[in-house]
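One structure is given here, and the rest of the page talks about it.
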Amino acid sequence: MLLGTVLVLLLAGAAPASAHAALRSTDPDDGSVVQRAPRHVTLTFTESVGLLDDSFRVFGPDQRRVHTGEATHADGRSDTARIGLPGKLAEGTYTVAWRVVSADSHPVSGAFSFSVGKRSATTGQIDTGPTEDPLTRGLYDGARYLAYLAAALLVGTAAFALLCRPAHTAPLRRPLVAAWWTLLGSTAVLLLLRAPYEAGTGPAAAFDASALGRTLTGRPGLALLARLLVLLLTAAFLIGLSRRRDTVKRPVALAIGTALATALALTWAAAEHASAGIQVPAAMTSSVVHLLATGVWLGGLVALLLTLRRSSGDDLVEVVPRFSRIAFASVTVLAVTGLYQSWRGLGSLSALSGTSYGRLLLAKLAGVAVLLLVAGYSRRWTARIAAPAVAARAAVPAPVPQPVGAPAGGREAAGGPGTGEPGTSGEADSDGESESRGESDSRGEPESPDGPAGPGAGPGDPGIRRRLRRSVLVEVAVAAVVLMITTVLTGTLPSRAEAEAAQQAPVGALPPTTEVTVPFDTGTDSVTGSGKVLVTLDPARVGENGVQAVVYGSDMGLVAVPEVRVTFTLPSRKVGPIDAELADRGGYWSTNSVNLPLAGNWTMKTTVRVSDVDQVSVERRVRVEP
């Protein structure tokens, strides 16, 4: 029932798509010239998107903002965004800035332009609105990291108490309560910051009632609400379990705890990368199992560390080996699910080094490798602690079968009281002498399957416990770093989605930026006397263009020269020369206001002056698109 409720809350309207929305097309087309003013601007994306109050900003030829209607989905399709325009639009170029929230909860934004009647002769720099507020993003990411840490500690500590069954659970109560409150607080902060995070505004917008109301109707907001609900149910379960510990059966407690932990993990899977992309059902299942295994292992490490500090040596003989087996199973699950999620997010091996997502994934894998090395070291001391239990079990003799028809077990029936003969009842032996022998062996020098454990071996030896505590502490520290990398990774555009976004360039999109390498040689022997100039023309089409020029010396290092001049001439139409009037920006030369009025093959003349008397000019052809 609980899982069904969470699924209904989180997955309503979810559809398979590519993680992070990519703009598929625009109407009007980007860069187009329409003869009649359009009534609407419509964007189509590769996946469903959420709309904001300020999803569109439209700027006219005079650089003033145009009054528009409310943003809606076109024809009821969740993968579209539409805005209404005024009935009369003046001639010239209009810039449309947009910002939406993709299905995996991350905001995406961009801008494009179209012209009515004709393009504007000149356009200035237009402020298209905020893209991201650094303070809001920092606070939001910090709360996400705390939520991951708290969830791992909550799940791992509870699992440790139920599965490893330590004799004293009092040391685990404080981290359990701290994890619950931390997760509750971080979830509340995420809920408040969700609106300014989506809009790219400052944290003060978190207290806008209308913005908060919009958050509570979106899938990310519903996921956070569901998490709060699961936390309240978890608190009720833990309180009830602590008050009626002796009456609640362990299988029932395990079943309820597993359901709550799964529902908690689902609030992450349903609002992040797993909820969008290929194979969504399999991805969400893998994500939930991955999160649970992470919590059981990493959170359990903290619980083990506290148990090592507070519990008696005899208790550790059973608890430590149990956790060792559980941790090994968790690592196996993490390896399988992590391999699948890496394939799903990367898309290709080249993306490992060629994308931010791939490089972060490599960093995470390196951290996990270190974690496994430390865990292997910890298992050595775990085996030493477990040796007395192994030896005690091996020392207990097998029961001797009773003769047919013999009385039901006593010493007197078989061999008399205290005889110790082979006919002695197995029940009496196992409950009496064998038990005392096992206790005596555990306090002495028991043998393990690999031979004698040696003097001082066992849970009571302070040296072994101290070494195990240190190695577990290192595991906890490395695990915290791995979780930090994971937090950044979940907010990074997956490589597969990045490749798809590049392939899904909108119709009429700007052509690629044109880069021209211009070699020069003034005939002098100095480093600046020869080299090359890298000239970038953006966007290399009719109208306003930007020009950047970077000068490299003969040693391929950046050099400063007194002057760089770039002019454009269109010989076929007898236009030019048009001086770009580059300005020295301290390391490079640039301008954002070169108007190239006609399409065609222009001649770009680059002049480099390296001293008062030494300069050289080189010509190159560049193509300017309509």
Going by side-chain hydrogen bond (donor to acceptor under 3.5 Å, both in side chains), name the residues that satisfy it together with [X], two or more places apart in sequence or in a different chain.
{"X": "Ser471", "answer": "Ser378"}
{"X": "Ser330", "answer": "none"}
{"X": "Thr234", "answer": "none"}

**Q.** Those residues that, when tested against Tyr140, pass ring-ring contact (aromatic ring centres under 6.0 Å, His included) (two or more places apart)
**A.**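 For Tyr140, the residues satisfying ring-ring contact (aromatic ring centres under 6.0 Å, His included) (neighbours in sequence not counted) are Tyr197.
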
At their closest point, which heavy atom of [X] faces which heavy atom of [Y], and how far apart are they?
{"X": "Arg359", "Y": "Ser353", "value": "NH1-O, 2.9 Å"}
{"X": "Leu146", "Y": "Thr182", "value": "O-CG2, 4.2 Å"}
{"X": "Ala270", "Y": "Arg219", "value": "O-NH1, 2.6 Å"}
{"X": "Arg227", "Y": "Ala147", "value": "NH1-CB, 4.3 Å"}
{"X": "Thr487", "Y": "Asp141", "value": "CG2-O, 4.0 Å"}
{"X": "Leu224", "Y": "Thr187", "value": "O-CG2, 3.6 Å"}

Q: Could you tell me whether the side chain of Thr486 and the main chain of Val482 form a donor-acceptor pair under 3.5 Å?
A: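 Yes; at least one donor-acceptor contact below 3.5 Å.
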
Q.
Taking Leu172's backbone N and O only, do any of them form a donor-acceptor pair with Thr169's side chain (distance below 3.5 Å, no angle check)?
A.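 Absent.
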
Determine whether [X] and [Y] make a side-chain contact, defined as any pair of heavy atoms from C-beta on separated by less than 4.5 Å.
{"X": "Leu260", "Y": "Leu264", "result": "no"}
{"X": "Pro203", "Y": "Leu192", "result": "no"}
{"X": "Trp180", "Y": "Leu184", "result": "yes"}

Could I get the full list of side-chain contact (heavy atoms from CB on, under 4.5 Å) partners for [X], not counting sequence neighbours?
{"X": "Val189", "answer": "Ala143, Leu193"}
{"X": "Leu162", "answer": "Leu241, Ala253, Leu254"}
{"X": "Ala205", "answer": "Pro196, Thr201"}

Q: Quick one: do Leu229 and Leu225 satisfy side chain to side chain contact (heavy atoms under 4.5 Å, CB included)? Show the steps, please.
A: CA-CA 6 Å; Leu229 173 63; Leu225 280 179; over 6 Å; no

[atom1] of [X] to [atom2] of [Y]: how many Å apart, nearest 0.5 Å?
{"X": "Leu139", "Y": "Arg144", "atom1": "CG", "atom2": "CZ", "value": "13.5 Å"}
{"X": "Leu473", "Y": "Leu468", "atom1": "CG", "atom2": "CG", "value": "11.0 Å"}
{"X": "Leu163", "Y": "Arg250", "atom1": "CG", "atom2": "CZ", "value": "8.5 Å"}
{"X": "Ser286", "Y": "Gln279", "atom1": "OG", "atom2": "CD", "value": "10.0 Å"}
{"X": "Leu352", "Y": "Leu346", "atom1": "CG", "atom2": "CG", "value": "5.0 Å"}
{"X": "Ser287", "Y": "Arg344", "atom1": "OG", "atom2": "CZ", "value": "9.0 Å"}

Q) Among pairs that include at least one residue of residues 280-290, which meet salt bridge (charged side-chain N to carboxylate O under 4.0 Å, His left out), considering only residues two or more places apart or in two chains? A)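 Qualifying pairs, neighbours excluded: none.
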
Name the atoms and distances for all side-chain donor-acceptor pairs under 3.5 Å in residues 288-300, with sequence neighbours left out.
| residue | atom | partner | partner atom | Å |
| --- | --- | --- | --- | --- |
| His290 | ND1 | Thr337 | OG1 | 2.7 |
| Thr294 | OG1 | His290 | O | 2.8 |

Identify every side-chain donor-acceptor pair in residues 148-158 under 3.5 Å, counting partners at least two apart or on other chains, and give the distances.
| residue | atom | partner | partner atom | Å |
| --- | --- | --- | --- | --- |
| Tyr148 | OH | Glu272 | OE1 | 3.0 |
| Thr157 | OG1 | Leu153 | O | 2.6 |

Q | Under the salt bridge (charged side-chain N to carboxylate O under 4.0 Å, His left out) test, residues paired with Glu198 that sit two or more places apart | A |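 Here the qualifying residues are Arg194.
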
(Q) Surrounding CH2 of Trp343 (heavy atoms of other residues, nucleotides or ligands, distance under 6.0 Å), is the total greater than 12? (A)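 Yes, CH2 of Trp343 has more than 12 neighbouring heavy atoms, counting only those of other groups under 6.0 Å.
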
Show the atom names and distances, to 0.1 Å, of all donor-acceptor pairs under 3.5 Å that link a side chain in residues 319-329 to residues at least two apart or in another chain.
| residue | atom | partner | partner atom | Å |
| --- | --- | --- | --- | --- |
| Arg322 | NH1 | Cys164 | O | 2.9 |
| Ser324 | OG | Arg379 | NH1 | 2.9 |

